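Contents: one structure, followed by commentary.
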Amino acid sequence: MARPDDDHVPRAIVGADGEVLAVAHVSPDISPEAEAALRALVDAVRRDMEATDTPERRARREAGRERNARLRKRE
């Protein structure tokens, strides 16, 4: 697990089409194999989320975003 004093850096995980899929906190000397495995993991999670997306889940997600926006306004 990354610690505040480590040398890990945020890095965009980019898909084959150039789209940023996620941002990961990784070692600056991550190997190409590890980066490919991370990209595959992010892609698999994304495909799973898209496959299981339902109107109910979208409604819950939107309600959560609205709640978070209201909470941010209070601060």
Side-chain angles (χ1 to χ4, degrees):
M1 178 117 202
R3 297 178 313 275
D5 62 339
D6 68 13
D7 62 349
H8 286 66
V9 294
R11 179 176 295 182
I13 306 302
V14 182
D17 60 358
E19 179 185 8
V20 175
L21 303 174
V23 176
H25 193 82
V26 299
S27 172
D29 58 349
I30 187 172
S31 70
E33 295 84 10
E35 193 166 357
L38 187 55
R39 184 178 303 108
L41 174 64
V42 170
D43 190 44
V45 169
R46 190 173 199 186
R47 281 193 318 270
D48 183 63
M49 288 178 66
E50 289 171 355
T52 59
D53 197 21
T54 63
E56 293 82 14
R57 284 186 182 206
R58 284 191 294 274
R60 281 196 311 266
R61 196 166 41 244
E62 184 58 31
R65 288 182 183 131
E66 291 171 2
R67 184 192 72 237
N68 290 340
R70 286 192 309 273
L71 291 172
R72 279 192 296 274
K73 286 182 182 179
R74 287 182 177 176
E75 295 175 353

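All figures in this text were calculated on a predicted structure; none of them were measured in a lab.
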Residues pairing under salt bridge (charged side-chain N to carboxylate O under 4.0 Å, His left out) where one sits in residues 17-30, two or more places apart or in two chains, turn out to be E19-R46
Restricting to side chain to side chain contact (heavy atoms under 4.5 Å, CB included), what partner residues turn up for E62, sequence neighbours left out?
R65, E66
Here the pair of heavy atoms bringing L38 nearest to I13 is CD2-CD1, 3.5 Å
With sequence neighbours excluded, residues passing side chain to side chain donor-acceptor pair (under 3.5 Å) with R47
D43
Among V23, V14, L21, which residue meets the side chain to side chain contact (heavy atoms under 4.5 Å, CB included) test with V42?
L21
Mind jotting down which residue pairs meet the side chain to side chain donor-acceptor pair (under 3.5 Å) criterion with at least one end in residues 48-57? Sequence neighbours excluded, please.
T52-R57, D53-R58, D53-R61, T54-E56
For a quick test of reading the model, state the closest non-hydrogen atom pair linking H8 to P28 and the distance between them.
CA-CD, 4.2 Å
Excluding sequence neighbours, so at least two apart, what forms side chain to side chain contact (heavy atoms under 4.5 Å, CB included) with A40?
none
So, using side chain to side chain contact (heavy atoms under 4.5 Å, CB included) as the criterion, who are the partners of V45 when residues are at least two apart?
L41, M49
